[in-house]
Structure formats: structure tokens, C-alpha cells
Visitor: 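Take this structure, written in C-alpha cells, and hold onto it; I'll ask about it next.
Every chain is numbered from 1 and lettered A, B, ... according to where its sequence line falls, protein lines coming before strand lines.
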Amino acid sequence: MRLREAKRAQLAARGLGSYPNDFEPTHSTAEAYALFIAQRAWLEPFSPLAPGEEAAPETGKGGPQLEAPWLRLAGRVRAINVKGKVAFVRIQDRGAIDLPTLRRRENALRVEAGLPERDAETATFQLFFSRAEDEERFDLLFKSDGEQPPLLDVGDIVGAGGLPFRTQTGEPSLRLRTGMGQAPTLQILTKSIRPLPDKWLGLQDKELRHRQRYVDLIVHDEVRARFAARARIVSAIRRFFEARGYLEVETPMMHGLIGGAAARPFETWHNALGVPLYLRIAPELHLKRLVVGGLERVFEINRNFRNEGLSQRHNPEFTMLEFYEAFATYQHLMTLVETLLEELSVSLHGSSTLHFGVDAAGEKRAISLAAPFARVSVWEGLQRWGGLSAAEVHDAAILRAKLRGLDLEPAADAPIGKLQMDLFEAVAEPHLIQPTFVTAFPIEVSPLSRRNDADPRLADRFELYIGGFEVANAFSELNDPDDQYQRFDEQVQQKAQGAAETMDMDLDYIRALQVGLPPTAGCGVGIDRLVMLLTNTESIREVILFPLMRPEQFGAAGGDDASADAQASDGQEAGAGAATGRVGGGAEPR
RNA sequence: GGGUCGGUAGCUCAGUCGGUAGAGCAGCGGACUUUUAAUCCGUAGGUCGAGGGUUCGAGUCCCUCCCGACUCACCA
């Protein structure tokens, strides 16, 4: 690293500037690559001619000479391969996400043309620099002059200009050229002074990968691809709802009351108003207020915050899709969710079948998102997987005994609906691999759901399970203000008895219901878990760019941390345990 | 909080019975005019997570602590 800082100084000293910002690429690497498969002649090795340039047979090594447009590319250097008087530099830019797809498309064309297939996984684009093109620059960047090492390093951001051509081995490349009023062959735009990890194995330490996601994204193609997929999924969800007349809205992240779900909140404080606020645990009550206000179809994709533990499937802040539709029931929403998931799978994978995890035999587990999904009621599930008879499902003593048999100690005052759900989750969830709507929830665990007309013990509600975990939760909304008041009141009493995860009495919400909520159904979908499912990812931390982690300690023992390097002259005490990154000399890197 | 595993060069990892600290990649020097995990020759790089103990001698054995991964519990 010290050596690289010296190189940066050298660049400045030679008038090559540090941190120039006037280089304008004409193409991304993917756009450049697309040129190579747009016409048949470019599929086989050729040498480039600038527009108007005369062919010169002696320079035509590698195939016929073809006229080609001048390109400027910019990207991060991922590999340098100097071979005598020529150098190959592989760069990576935003086109890396699309390059594998383009390479596969090229292979299809090559097969059609009778040419051998080529490696399709590489996400970098090759630059070809012949020393004859610009000896001085070539030597500066790639050769040692006895004192000064080569100035170009893996990790640097470069700008390159030249003509597209295909090498003898068939690799689409940019042949760096100078002159004709164009930018120089190759220039360093940003010097990277911190070396990248191993070029093949990358970063293996999960902690480092999550803390230094910027490095993770540079060196791991599959990580980049996964987050690109996430963006496509979210975008497709928006289009899906917009096409159905839904309005996307944003409701408060800071709430004065806890509501919309059962979870512990993060607490904060507003100084000017002098009131406590809670980061929202769900947007539900605000979205339903909007339906009262006449926005009959609304959706929100935003963060929820729950002050709970971390696990492979839990992050304290997570992204939730919630949508509400007036004059619909939870039955309608089942159809809607089926359609959404099938469309997402098809648009992402080209198929309604995807693979998620492995089964007991270690085989890839196929999941079919083709509608319709299976449906099972909570009571049926207890019978099917819990070994209960139809009568035992309603016997609190039996349920308690079963739970104890599973080492789950039910609360002494737990209502029967809570016992049923606890047992259901324990015995049924592992079986819900293929998409399954669980329906007919006990009313006691559904404080915001409409009561079932036929059976007052049940709520008009479903949860969707896929791959053994909950993906969606929906119900026909309770729109009777008196009933809602009662249920809030029960929550408040539970809280008074010490329950940590309850809702507050929300009198404004009651007032909204008194104004009148049309018959409405609403649904919440955990976006992170949905992305996990659609990208075959086992951990929620792999689908969240910056998952919550314990704060990093800078300035502790050990040389290679940002504050020690950046503030080497900072004489403050930074002993282990003293610096937390927020206090003292251990400042965060900027 | 419990259990299991781990922390050795910038990165990925070896390190036998307790006996001079190792490799590949990256770096640095050299050769090479179509490579693509380039190749070949040379070279440099270490407070073995921290502290204590046992020992003639500790990366290795013991104790305490720190950090992390996985997992269980917790988490509608």
C-alpha cells in the first residue's frame, strides 16, 4: 500500500494528474461487447481500421481488417498480463452484470456459425495494448525503469480509447490506439492504493465481505449478480402493481405509537416536540388510513425495523412490501400473490420452477411457483402434521402437552388460538416447501383481521409459506371500529401484564375506521426473503447490501485498518477496547 | 445465552510427536509481440488474535479473555 501511494505521487509528478475527471466513456463494456455479436464478420478474429483508414496487410495479424468505430471505455483493472511488447488488461465496469448473458448469446451465434464455444462466465472486458502504439506510455504503465515500478496496478480505475477487434484466440477486445483527436490509449483515472484480495478466491471471510461490501462487489461476480437480481425483482413488483391501478405511497418511518404488528420497536426521541418516537415495525395502519381517504389501491415498499435478534432469516431492518385493495378479500389476494410470484419467477428465470436449497438427500430442491398454490387451514395442518384428531385440535390440554413434548413451554394464560399457532409452526412449517397458503387463522393471533362470518373463532387471513418459511401474510381487514377498539384494548391489557410485543391503542386509527374503511384486503410480503427464494440464497445477509453488524473497532491493535493508515500521525491512545469507531482517535474512514 | 468450529504473510490456506515460520496468488526485479487462472527465473514479505502458565524450548499443550462463522434458543 505504501508503494502504491508512491506511485500515485509519481503520476502527479509526471503531469499525468491524479484524479482527473474529464474522461467520458462512449460505451459500457457490455455495449462494446454487443458490437461483436451484432454482425457476422465480427464473430471471427479481425483487426480494426479506423473510419477512413487504409488497410495495411502487414499489421493485419489475427484476421482480416475491418472498419470499426472508435470506443472509449472506463473501468476497474481486474487483471494485468504483460507479455513482452504487448499487454492485456481486463477491466470491469457496470456492464459486468450483463457480460455473462452476452457471452452466452455469443456462444449460441458461434455454434450457429460453426465456431467453437468460448468461456461464458467472465465478467470483464479485455484491452489490448501493443507497445508499438505508444512506447512511452506502455513502458510507464507496464515496465520498471530500474527505479520506478510499473505505474498500473490491479484495482486502478482506467480510461481507455481504441478500436474493437478480436484476438487470435477469439476474445473480443479493445485495441488501444492513439491519435485522430482521440483520448490517449490508456490513462489512470483513479489510483487504487489498497490492494484487492486474491484474484481467484476473493474474500472468503463472511464478516469482511459484509463489512467491506464494496470489495465484495468488485471481486465476486455472483454477489453483483444477486443484487442486480434484487433490483430487477423490486422493479418488476412495482410494474405489477402499477399495471393494476395501485398507487405507490410512502408513509412515516417514525411513529408515535406502536402498531401494525407484534414486535419490539427501536425507540428514539424528537427534540423539538419533546416526544418519544418509534421506528416503525409495520406501515399497516397508515396504509389503511389511505384507503379510508379514497386511495383504494395502495402499495409501499419500504423498511421496517424490529428490535430483535439477528439470524439467517432476520435482520433488524428489513424491506417489506405491503399492499391494500378496497373491495377485495383475502381470497382475491391469494390469486394476486400467485400471479405475482409466478410472473417474477418467469421474468427472472424464464420458468415458474426454481431451485432453492437442498433436500434431505442433498439434491437441489425444485420449487414450482406455477399457480394455483396448495391451501391448508391451520386446523387441517395440525391434524395432518401434528397427529391430532379433529377434536383434539380444540383441546387446550392436548395442545399444551404436545408443545411440552417439543420442549416448547406455552404461557400459562395463552388462549387456545395461540396454542394452536405455536404447535402449527412447530410441526407444519418444515413441510411447507412447495408454495402453500395457510388459511383460517385463530382470531386471537390476528388482531387486525376481519372475523370469519361462518366461524367467529377464525380470521379471514392467510400466510404464504415457501421453502419452509413465511413469505407473505394477508387478511381481509377488520373495518368495524368497535371490534377494532376491543382488540386494541386486549393488546393494551396484555402489555399491562408484561407482554413486550403488543400494539398501542391507536385512537386516530379508530377514528379513521369510524369515517369508514371500505371492505378491504391487505398483504405484506418480506422482500428480503422473497429475494432469497428467487436467487437461491440461504442467508438474509446475502441479499441485504449492508446487513447490521456489530460496530467495527478502528484503531485497535493491528496495522491494516483505515484509521491507522489514514491518521498515522494521530497520537491519540487507541488501545484495544478503548476505541469504538465513534469516540477518540478511532475515526471512521471517509 | 448454550453447543461446534475457527483467528498464521495483503488474500486463500498448510504447519506432523513441542525442536530454526511454509505454499499458491498478490507485490518487487528479469525474460517473453495474441494472453485470458499466461508461463519461466529470481526476490521480499510474520508481534502465529491478546494476556498468562507449563517447559531447556510453545504456532503447537494448559488457563483466561477478545473477535468471528455455523447452529440451537429467542424472534406473529
Visitor: For B:G51, which nucleotide in any strand shown is its Watson-Crick or wobble partner with both distances under 3.5 Å?
Guide: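 The answer is B:C63, by the H-bond criterion.
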Visitor: Report yes if a donor N or O on one partner sits less than 3.5 Å from an acceptor N or O on the other, where the partners are the side chain of A:Thr167 and the base of B:U35; otherwise report no.
Guide: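 Flag set: donor-acceptor pair detected.
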Visitor: So if I take every side-chain heavy atom of A:Pro150 and compare against B:A38, B:G68, B:G29, which nucleotide ends up nearest?
Guide: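 So the nucleotide nearest the side chain must be B:G29.
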Visitor: Return the pairing partner of B:U34 with a 3.5 Å limit on both distances, Watson-Crick or G-U wobble; otherwise return none.
Guide: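 Partner of B:U34: none.
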Visitor: Rounding to an integer number of angstrom, what distance separates B:U12 and B:G51 when you compare their C1' atoms?
Guide: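 Nearest-Å result for B:U12 against B:G51 at atom C1': 29 Å.
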Visitor: Nearest of B:A37, B:G68, B:U34 to any side-chain atom of A:Val86?
Guide: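 It is B:U34.
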Visitor: Round to a whole Å and report the spacing from NZ of A:Lys85 to P of B:A38.
Guide: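 Roughly 22 Å, once rounded to whole Å.
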Visitor: Need the pair for B:G42. Rule: Watson-Crick or G-U wobble, both distances under 3.5 Å, any strand; none if unpaired.
Guide: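 Per the H-bond distance test, B:C28.
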Visitor: What orientation do A:His286 and A:His255 show, parallel under 30°, tilted 30 to 60°, or perpendicular over 60°?
Guide: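 The arrangement is tilted - the two ring planes meet at 30° to 60°.
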Visitor: So what's B:C5 paired with, Watson-Crick or G-U wobble, going by both distances under 3.5 Å?
Guide: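 Per the H-bond distance test, B:G68.
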Visitor: Does the gap between the ring centers of A:Phe462 and A:Phe475 come in under 6.0 Å?
Guide: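 Not under 6.0 Å, so no.
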Visitor: Once rounded to the nearest 0.5 Å, what's the spacing between atom CD1 of A:Ile544 and atom OG1 of A:Thr537?
Guide: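 If I round to the nearest 0.5 Å, the distance is 11.5 Å.
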Visitor: Pick the nucleotide of RNA chain B nearest each of A:Phe128 and A:Lys206; which residue has the one closer to the 5' end?
Guide: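 Per heavy-atom nearest nucleotide, the more 5' residue is A:Phe128.
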Visitor: Of all the nucleotides listed (B:C25, B:C32, B:C67), which has the minimum atom distance to the side chain of A:Val82?
Guide: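 Nearest to the side chain of A:Val82 among the choices is B:C32.
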Visitor: I want to verify a distance call: between B:U34, B:U12, B:G29, whose nearest atom is closest to the A:Gln168 side chain?
Guide: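 Closest nucleotide to the A:Gln168 side chain: B:U34.
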Visitor: Is there a donor N/O on one and an acceptor N/O on the other, under 3.5 Å, for the side chain of A:Asp205 and the base of B:G68?
Guide: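 Checked by distance alone, the answer is no.
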Visitor: Does any donor-acceptor pair link the side chain of A:Gln126 with the base of B:U35 at a separation under 3.5 Å?
Guide: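 Indeed there is one.
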Visitor: Applying side-chain contact (heavy atoms from CB on, under 4.5 Å), run through A:Asp145 and A:Asp139 and close with a yes or a no.
Guide: CA-CA 8 Å; A:Asp145 65 3; A:Asp139 291 346; over 6 Å; no
Visitor: Among the candidates B:U35, B:A76, B:A38, find the nucleotide nearest to the side-chain atoms of A:Ala261.
Guide: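 Closest of the options to the side chain of A:Ala261: B:A76.
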Visitor: Step by step, work out the side-chain hydrogen bond (donor to acceptor under 3.5 Å, both in side chains) result for A:Arg461 and A:Ser446.
Guide: CA-CA 8 Å; A:Arg461 174 180 178 187; A:Ser446 312; 2.8 Å; yes
Visitor: Could you give the CD-to-P distance, from A:Gln204 to B:C13, as a whole number of Å?
Guide: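 So the two atoms are 5 Å apart, to the nearest Å.
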Visitor: Between B:A69, B:U12, B:C75, spot the one nearest the side chain of A:Leu201, thanks.
Guide: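 Per side-chain heavy atoms of A:Leu201, the pick is B:U12.
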